[in-house]
Amino acid sequence: MINQLHMEWLCFKQHVYFSIRNRRYLFIAIAQYLYSFINWKHAQNLRYTFCTLQLIDDILDGDRKCEIEPLDYLENLKTAISKKQFGPSDLEQMTRFLLLRVEQFGPMKDEAKKAFSELIDIMMADRRRVLSKNIFNKEELLYHHHTTFRYSLDIVLIALESPLRSSSMPEILDIFAWCSTVRDLKEDLDKNLINIPLEITSQVNSFNSLTTEEKISNPVIHRWLVDETKKAESLFLICDSKMKEIHSIHGSFIFKMFLKSMKKYTRVFHA
């Protein structure tokens, strides 16, 4: 009981930090706490999972202060996980509580552990991409995004004890990739995280020396963003159709919620 109270406090703190940084996280927090009135256990699983992973992401992105290189910080976390010896930091304690909860996931616990571990490695790869100023080609970027969002979505569904997985609606992975690029475009470019494929950036003269605003307004990049948005619009239609097939299955509301929240970004880049 004491562990649960401590974790709830840690999650609440993170929700406050997330919401201060970006208002959209406030709506996520409200939705998670309201869901507690429907199913406390699943809502708690969701909080544990979301807050821990989002904190890891914030540390690696530089949105949360870290006294050492974020990659080293996460390597220390991986060591703590392997040794089951956790320090007093919020992240290590949240990871400890999350993994204790994962042990209660029954037959899904091994799948959850794999998703959590793989997701940490993928997020660390993003940090390495920033440090090396590496620009992925289309194939590399697609693989990276698909892997990131597949594990992210699956671990949420596991936390809800849902039989659904990202494979139930694979098109949503492309929508996640598109939305992440469009929604966070300026913020990512400011951090030198380039989610525009090499085939496009190579068509822009002196791409690396341009300011963020110049990159976004460049005709080649703008046209690519418009084209990608058109593709996303067609994918939304496919996903809307698939929602009718899975709407009665527990966990389908997660797909519906994500699709609704992402659809509004089609207005950002439209011909």
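At distances below 3.5 Å, not a single donor-acceptor pair connects side-chain atoms of Ser206 with backbone N or O atoms of Ser209. Remark: side-chain polar atoms of Arg64 are not paired, donor with acceptor, to backbone N or O of Asp61 under 3.5 angstrom. Of the possible polar contacts, one joining the Glu199 side chain to the Lys138 backbone as a donor-acceptor pair under 3.5 Å is found. The backbone N or O of Asn45 sits less than 3.5 Å from a side-chain atom of Thr49, completing a donor-acceptor pair. Ser202 places a side-chain N or O within donor-acceptor distance of the main-chain N or O of Leu198, the cut-off being under 3.5 Å. Gln14 contributes no side-chain N or O that, together with a main-chain N or O of Cys11, makes up a donor-acceptor pair within less than 3.5 Å. Checking side-chain atoms of Ser162 against main-chain N and O of Leu157 turns up no donor-acceptor pair under 3.5 Å.
Residues Leu160 and Ile249 share a hydrophobic cluster, clusters being chains of Ile/Leu/Val/Met/Phe/Trp/Tyr side chains in contact below 4.5 Å. Follow the hydrophobic side-chain contacts under 4.5 Å out from Val16 and you never reach Leu10; the two are in separate clusters. By the rule that hydrophobic residues join a cluster once side-chain heavy atoms approach within less than 4.5 Å of another member, Ile122 and Leu142 end up as members of separate clusters. Under a hydrophobic-cluster definition in which Ile, Leu, Val, Met, Phe, Trp and Tyr are linked whenever side-chain heavy atoms come within less than 4.5 Å, directly or via other members, Trp40 and Leu46 are assigned to different clusters. Cluster annotation: Ile254 is connected to Leu235 through the hydrophobic network of ILVMFWY side chains, with a link wherever side-chain heavy atoms come within less than 4.5 Å.
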Run the numbers on Met243 and Ile246 for side chain to side chain contact (heavy atoms under 4.5 Å, CB included), then give the verdict.
-> CA-CA 5 Å; Met243 275 303 307; Ile246 66 170; 4.2 Å; yes

Step by step, work out the salt bridge (charged side-chain N to carboxylate O under 4.0 Å, His left out) result for Asp227 and Lys231.
-> CA-CA 6 Å; Asp227 290 343; Lys231 293 176 186 177; over 6 Å; no

Go through the steps to decide whether Ser152 and Leu53 satisfy the test side chain to side chain contact (heavy atoms under 4.5 Å, CB included), and finish with yes or no.
-> CA-CA 9 Å; Ser152 298; Leu53 289 173; 5.9 Å; no

Residues Phe27, Gln32; criterion side chain to side chain contact (heavy atoms under 4.5 Å, CB included); working and verdict | CA-CA 9 Å; Phe27 298 114; Gln32 287 186 17; over 6 Å; no

Audit row: Asp240, Lys263, salt bridge (charged side-chain N to carboxylate O under 4.0 Å, His left out) steps and yes/no = CA-CA 11 Å; Asp240 288 343; Lys263 192 171 289 187; 3.0 Å; yes

Test side chain to side chain contact (heavy atoms under 4.5 Å, CB included) applied to Gln93 and Thr95, step by step | CA-CA 5 Å; Gln93 286 301 301; Thr95 302; over 6 Å; no

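Test Val130, Thr181, Leu193 against Asp188 for side-chain contact (heavy atoms from CB on, under 4.5 Å) and you get one pass: Leu193.
Of all heavy-atom pairs between Ile175 and Cys239, the closest is CD1-SG, 3.8 Å. Taking both residues in full, the closest heavy atoms of Trp178 and Glu228 are given as CD1-O, 3.7 Å, listed atom of the first, atom of the second, then distance. Here the closest heavy-atom approach between residue Leu141 and residue Asn195 is recorded as CD2-O, 3.4 Å. Scanning all heavy atoms of the two residues, the minimum distance from Pro163 to His250 falls at CD-O, 3.7 Å. Nearest heavy-atom pair, Glu213 versus Lys186, reported as atom, atom and distance to 0.1 Å: OE2-CE, 3.5 Å. The shortest heavy-atom contact between Ile155 and Ala112 is CD1-O, 3.9 Å.
For the residue pair His145/Asp174, the side-chain donor-acceptor check at 3.5 Å is not satisfied. No hydrogens or angles considered: nothing links the side chains of Arg267 and Thr229 as a donor-acceptor pair under 3.5 Å. Side-chain contact of Asp58 with Gln54: a donor-acceptor pair under 3.5 Å is present, judged by distance alone.
Looking at heavy atoms from C-beta onward, Val156 lies out of side-chain contact with Phe50 at the 4.5 angstrom threshold. No side-chain heavy atom of Leu34 sits under 4.5 Å from any side-chain heavy atom of Ser36. Proximity of Leu210 to Asn205: side-chain heavy atoms (C-beta onward) are nowhere separated by under 4.5 Å. In this structure, the side chains of Gln44 and Gln4 come closer than 4.5 Å at one or more pairs of heavy atoms. Asn134 has its side chain within reach of Phe136: a pair of non-hydrogen atoms, C-beta onward, lies under 4.5 Å apart. Between Thr148 and Asp126 the shortest side-chain heavy-atom distance does not fall below 4.5 Å. Counting only heavy atoms from C-beta outward, the side chains of Ile81 and Ile120 approach each other to under 4.5 Å. The closest side-chain heavy-atom distance from Ile135 to Arg129 is not below 4.5 Å.
A distance below 6.0 Å separates the ring centres of His15 and Tyr33. Remark: aromatic rings of Tyr151 and Phe116 are distant, center separation not under 6.0 Å. The aromatic ring centres of Tyr35 and His42 sit 6.0 Å or more apart.
A salt bridge links Lys113 to Glu103: at least one charged side-chain nitrogen sits closer than 4.0 Å to a carboxylate oxygen. One finds a salt bridge joining Glu111 and Arg165 here, because a Lys/Arg side-chain nitrogen approaches an Asp/Glu carboxylate oxygen to under 4.0 Å. Ionic pairing of Glu187 and Lys191 is present here: one or more N-O contacts between side-chain nitrogen and carboxylate oxygen are shorter than 4.0 angstrom.
The CG atom of Asn192 sits 9.5 Å away from atom CG of Leu131, with the distance rounded to the nearest 0.5 Å. Taking OG from Ser241 and CZ from Phe236, the interatomic distance works out to 15.0 Å, rounded to the nearest 0.5 Å. His6 contributes atom NE2, which lies 9.5 Å from atom CE of Met94 (distance to the nearest 0.5 angstrom). In this structure, the separation between SG on Cys179 and CG on Leu259 is 10.5 Å, given to the nearest 0.5 Å. We find the NZ-CD1 distance between Lys114 and Ile158 to be 11.0 Å, quoted to the nearest 0.5 Å. Once rounded to the nearest 0.5 Å, the distance linking CD of Glu118 with CG of Asp154 reads 12.0 Å.
Counted within 6.0 Å of NZ on Lys133, heavy atoms from surrounding residues, nucleotides or ligands total 12 or fewer; the atom is thus considered open. Around atom CD of Glu139, no more than 12 heavy atoms belonging to other residues, nucleotides or ligands sit under 6.0 Å away. By the neighbour-count criterion of 12 heavy atoms within 6.0 Å, atom OH of Tyr17 is sparsely surrounded, having that number or fewer from other residues, nucleotides or ligands.
The side-chain tip of Arg47 does not point at the ring of Trp9 from less than 6.0 angstrom away and within 45° of straight on.
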